[in-house]
Amino acid sequence: MEALTHSSVLSRFGHALSDPTRTQILLALRDSPSYPSDLAGILTVSRQSLSNHLACLRGCGLVVAVPEGRRTRYELADSKLGNALTELLAVVLTTDPDHCANSVRDGCC
């Protein structure tokens, strides 16, 4: 298995955050572990779509599936990830919203 570099870890994290639904899943799991059916209801997405996003997040190593009898609960793979999301939100909230909108329009972000 290839050794993980700092840049590859951050790239995986960035890929996960590049989709609004995956970001919402991570933020929901930051608050507490959850079941797919509950997450689908909270995020108002289909179970199939949610399943695809959870598979991506598992592949990125950001969430884990915990079997509980006939159900599977999802949670963040590491509690430090929840702290990182909280810290990232604090940084993002201090950016200039007008600059961000222009950057997205110009293809920067």
Side-chain angles (χ1 to χ4, degrees):
M1 183 172 161
E2 176 183 322
L4 295 177
T5 64
H6 288 162
S7 61
S8 67
V9 170
L10 289 177
S11 292
R12 288 187 325 179
F13 190 58
H15 174 72
L17 293 177
S18 70
D19 181 88
T21 300
R22 289 193 298 266
T23 301
Q24 288 177 315
I25 292 168
L26 289 171
L27 290 172
L29 294 178
R30 175 188 65 155
D31 295 334
S32 66
S34 192
Y35 299 97
S37 58
D38 297 336
L39 286 168
I42 291 167
L43 304 177
T44 63
V45 298
S46 71
R47 288 187 185 192
Q48 180 60 45
S49 174
L50 182 77
S51 177
N52 293 338
H53 287 296
L54 286 170
C56 176
L57 292 170
R58 279 194 320 271
C60 288
L62 300 176
V63 302
V64 293
V66 180
E68 284 188 345
R70 295 174 62 190
R71 299 180 78 188
T72 301
R73 183 185 78 233
Y74 282 83
E75 58 189 46
L76 297 178
D78 187 321
S79 62
K80 289 181 255 178
L81 181 56
N83 297 333
L85 289 166
T86 299
E87 292 297 318
L88 187 57
L89 282 169
V91 170
V92 170
L93 292 177
T94 62
T95 62
D96 178 358
D98 292 331
H99 177 74
C100 244
N102 292 337
S103 296
V104 170
R105 186 189 67 234
D106 296 338
C108 175
C109 302

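As a basis for the values below, the full set of heavy atoms in this structure was taken, side chains included, without hydrogen atoms, waters or symmetry mates. It should be emphasised that the depicted structure is a prediction, and the values quoted were computed from it without experimental measurement.
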Sub-4.5 Å side-chain heavy-atom contact between L89 and L27: yes
Contact check, side chains of I25 and L57, non-hydrogen atoms, under 4.5 Å: yes
Which pair of heavy atoms, one from [X] and one from [Y], lies closest together, and at what distance?
X   : Y   : result
P36 : L50 : O-CD2, 3.0 Å
L62 : A16 : CD1-CB, 3.3 Å
G61 : A77 : O-CB, 3.3 Å
L39 : A28 : CD2-CB, 3.8 Å

Find the distance between [atom1] ([X]) and [atom2] ([Y]) and round it off to the nearest 0.5 Å.
X   : Y   : atom1 : atom2 : answer
C56 : D19 : SG    : CG    : 8.0 Å
L26 : C60 : CG    : SG    : 9.0 Å
L81 : L76 : CG    : CG    : 5.0 Å
Y74 : L29 : OH    : CG    : 10.0 Å

Name all residues meeting the side chain to side chain donor-acceptor pair (under 3.5 Å) criterion together with [X]; count only those two or more places apart in sequence or in a different chain, and write none if there are none.
X   : result
S7  : T5
R30 : T86
N52 : Q48

For [X], what residues pass the side chain to side chain contact (heavy atoms under 4.5 Å, CB included) criterion, not counting sequence neighbours?
X   : value
R71 : Y35, S37, D38
S18 : H15, R22
A55 : R58
I42 : none

Worked check of side chain to side chain contact (heavy atoms under 4.5 Å, CB included) between L88 and F13: CA-CA 12 Å; L88 187 57; F13 190 58; 4.0 Å; yes
Donor-acceptor pair, side chain of T23 and main chain of L17, under 3.5 angstrom: yes
For R47, salt bridge (charged side-chain N to carboxylate O under 4.0 Å, His left out) partners two or more places apart: none
Members besides V64 in its Ile/Leu/Val/Met/Phe/Trp/Tyr cluster (side-chain heavy atoms under 4.5 Å): V66
